[in-house]
Amino acid sequence: MNKTISAFLLCLLLVALAACSAQGSGTEHADGEAEKEITEGEQEPRIISTTVAITEIMDELELDLVGVPTSYKELPPRYDGVLEVGNVKTPDLEMIRALNPTEVLSVSTLEYDLRPVFEEVGIEAKFVELDSLQEMLHSITGLGEAYEREAQAAEIVTRLEGKVADIQEQTAQNEPPTVLILLGIPGSYLVATEHSYIGDLVKLSGGINVVTGESVEYVASNTEYLQQSNPDVILRAAHGMPEEVVEMFDQEFKQNDIWKHFDAVKNGRVYDLEEELFGTTANLAAAEALDELIEMLYPSQR
C-alpha cells in the first residue's frame with residue numbers, strides 16, 4: 001500500500017470511527033468539578049445519554065434517563081420505553097431539543113465532531129472521558145459526585161480496580177507477549193496503539209503493543225512493517241458490522257500472502273474480539289474483557 005493511499009484510507013477511517021484525538025484546550029468534560037456544576041441550583045436533572053457505554057454506567061448509578069441512544073445492542077431494562085434519540089454519531093437533534101434536557105452526555109472521542117453540531121442548535125453537551133479504563137473510573141467518580149450517587153460510583157470503581165489488581169498479580173510471572181491489534185470496519189482496517197481502549201486493556205493484561213511511539217489511538221496499516229515486528233498474538237476487533245468485518249479479515253489473511261509469515265498466524269494465535277466486550281471506548285464489560293484477554297495472551301493458563 002503506497003503512502004498516499006495509506007494516508008487517504010487513514011483519514012477516511014478516522015472519520016468513520018469518529019475517533020479523532022484532537023481536542024480544544026479548556027474543554028469541559030463530565031468528571032470532577034465540572035459535574036458538580038450540573039445540578040447545583042437547578043431542577044431535577046433530565047439526562048439524555050447518547051452512547052450505550054454511558055447508558056450502562058448511568059444504570060449502575062441508578063439514574064433515570066429521558067433519552068437513550070438508538071442501538072442494536074440491548075440496553076438496561078431500566079430504560080424500557082424511554083425515547084431513542086438516534087445513532088451515537090448522528091443523534092436526532094430535534095428529538096433531543098424536544099425532550100428539554102438539562103444534560104446531554106456523549107463521549108470525548110466524538111467531541112471534535114459533535115460539539116459544533118450541538119452548539120449550532122443550542123444544545124450544551126458534556127463529553128465523558130472513556131478513552132481508557134482509568135479515565136472511565138475517574139469519570140464514574142465524577143458522575144457519582146454530580147448526581148449524588150457517590151456510593152454507587154465507589155462500588156463500581158472498587159470492583160474494577162480489584163479486577164485489574166487480580167489480573168496483574170495473575171500475569172506478573174509470565175513472559176509478556178507482543179501483540180498486534182487490528183480494528184476493522186467494513187472495507188478496511190486500522191492498527192490500534194496503546195492509546196486506544198483495547199490497547200489499554202492489553203497493557204493492563206501485561207501485553208506489549210508492537211506499535212510504539214504514536215500519540216494517537218489508531219494508525220494506518222503497513223503490513224511489511226508489522227511483519228517485521230512479528231507479534232506473538234494478533235487481535236482482530238470488529239466495529240459497526242462484526243460479521244462483515246470478520247469476513248473481511250478472513251479474506252485479507254487468505255489473499256495477502258504476507259500474513260502467512262507472521263508467527264501469530266503460523267501458531268494459530270489470531271483471535272477475533274467480540275464487539276460487545278471490546279468496544280472503541282471503555283465500558284462496564286471491562287472485567288469480562290480482561291478475562292477473555294488473559295486466555296488469549298497466556299494460553300498456558302487455560
Side-chain angles (χ1 to χ4, degrees), residues 6-7 9-23 29 51-54 88-89 106-113 127-139 160 164 167 176-186 188-223 225-226 229 231-240 242 245-246 248-249 264 270-290 292-294 296-297:
S6 176
L9 278 177
L10 175 58
C11 291
L12 286 180
L13 287 166
L14 287 177
V15 169
L17 290 167
C20 180
S21 58
Q23 298 177 7
H29 297 292
T51 81
V52 174
I54 294 175
V88 58
K89 298 171 189 174
S106 184
V107 289
S108 60
T109 50
L110 294 172
E111 180 173 5
Y112 181 82
D113 297 303
F127 294 88
V128 183
E129 295 277 4
L130 300 180
D131 295 356
S132 68
L133 180 57
Q134 189 57 46
E135 286 178 344
M136 180 180 74
L137 297 182
H138 180 65
S139 292
L160 289 175
V164 171
I167 290 293
T178 54
V179 183
L180 167 64
I181 310 166
L182 305 178
L183 178 66
I185 64 171
S188 195
Y189 60 90
L190 294 170
V191 177
T193 73
E194 64 181 357
H195 301 293
S196 68
Y197 172 56
I198 299 175
D200 180 56
L201 291 180
V202 166
K203 181 166 58 176
L204 292 173
S205 302
I208 299 174
N209 198 316
V210 297
V211 178
T212 59
E214 301 290 344
S215 60
V216 293
E217 295 175 292
Y218 306 101
V219 295
S221 172
N222 180 322
T223 48
Y225 167 78
L226 296 175
S229 69
D232 298 314
V233 179
I234 296 176
L235 303 176
R236 308 190 312 191
H239 179 76
V245 171
V246 170
M248 177 202 71
F249 273 135
V270 179
Y271 304 99
D272 290 313
L273 304 179
E274 183 182 348
E275 188 185 18
E276 292 283 344
L277 298 181
F278 297 92
T280 54
T281 61
N283 57 79
L284 294 180
E288 190 176 350
L290 286 169
E292 291 280 337
L293 272 182
I294 291 301
M296 299 171 188
L297 303 188

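Positions are given from 1, in the same order as the sequence printed here.
- Between L160 and M136, the closest side-chain pair of non-hydrogen atoms falls below 4.5 Å.
- Formation of a donor-acceptor pair under 3.5 Å by the N209 side chain with backbone atoms of A192 is found in this model.
- Using a 4.5 Å cut-off on side-chain heavy atoms (C-beta onward), F278 and I181 make no contact.
- The two residues E214 and H195 come nearest to each other via the heavy atoms O-NE2, 2.8 Å.
- Of all heavy-atom pairs spanning P177 and G206, the tightest one is CD-O, 4.1 Å.
- Scanning both residues, A289 and L201, for their nearest heavy atoms gives CB-CD1, 3.9 Å.
- Atom CD of E217 sits about 10.5 Å away from atom CG of L190, to the nearest 0.5 Å.
- The shortest distance between side-chain heavy atoms of V202 and L235 falls below 4.5 Å.
- With 3.5 Å as the limit, one finds a donor-acceptor pair spanning the side chains of E129 and S108.
- Remark: side-chain polar atoms of T193 are paired, donor with acceptor, to backbone N or O of V216 under 3.5 angstrom.
- Residues Y197 and T281 are not in side-chain contact: their nearest non-hydrogen atoms beyond the backbone lie 4.5 Å or more apart.
- Side chain of T51 to backbone of S106: no donor-acceptor contact under 3.5 angstrom is found.
- Shortest non-hydrogen contact noted between V210 and Y225 is O-OH, 3.9 Å.
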Q: Test side chain to side chain contact (heavy atoms under 4.5 Å, CB included) on V211 and L226 and set out the steps.
A: CA-CA 8 Å; V211 178; L226 296 175; 4.2 Å; yes

Q) Does the pair R236 and V270 meet the rule for a side chain to side chain contact (heavy atoms under 4.5 Å, CB included), with working shown? A) CA-CA 7 Å; R236 308 190 312 191; V270 179; 3.8 Å; yes

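- For the atom pair CD1 (I54) and CG (L284), the distance works out to 11.0 Å, reported to the nearest 0.5 Å.
- For the atom pair CD1 (I167) and CD1 (I294), the distance works out to 4.0 Å, reported to the nearest 0.5 Å.
- Under the 4.5 Å side-chain criterion, counting only non-hydrogen atoms from C-beta, L180 is in contact with V191.
- A heavy-atom distance below 4.5 Å is not found between the side chains of D200 and D131.
- In this structure, OG on S188 lies 10.5 Å from CG on L182, to the nearest 0.5 angstrom.
- Y189 approaches T223 most closely through the heavy-atom pair OH-CG2, 3.7 Å.
- Using a 4.5 Å heavy-atom threshold, the side chains of M248 and I185 count as separate.
- Atom-to-atom distance recorded for L297:CG and S205:OG is 5.5 Å, nearest 0.5 angstrom.
- Here the closest non-hydrogen pair linking T178 and P231 is OG1-CA, 3.4 Å.
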Q: Evaluate the criterion side chain to side chain contact (heavy atoms under 4.5 Å, CB included) for residue pair L133 and L204; output intermediate values, then yes/no.
A: CA-CA 9 Å; L133 180 57; L204 292 173; 3.6 Å; yes

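- Looking at L273 and M296, their side chains come closer than 4.5 Å, going by heavy atoms from C-beta outward.
- Atom-to-atom distance recorded for S132:OG and H138:NE2 is 10.5 Å, nearest 0.5 angstrom.
- Side chain of N222 to main chain of A220: no donor-acceptor pair is present (N/O by atom type, distance under 3.5 Å, no hydrogens or angles).
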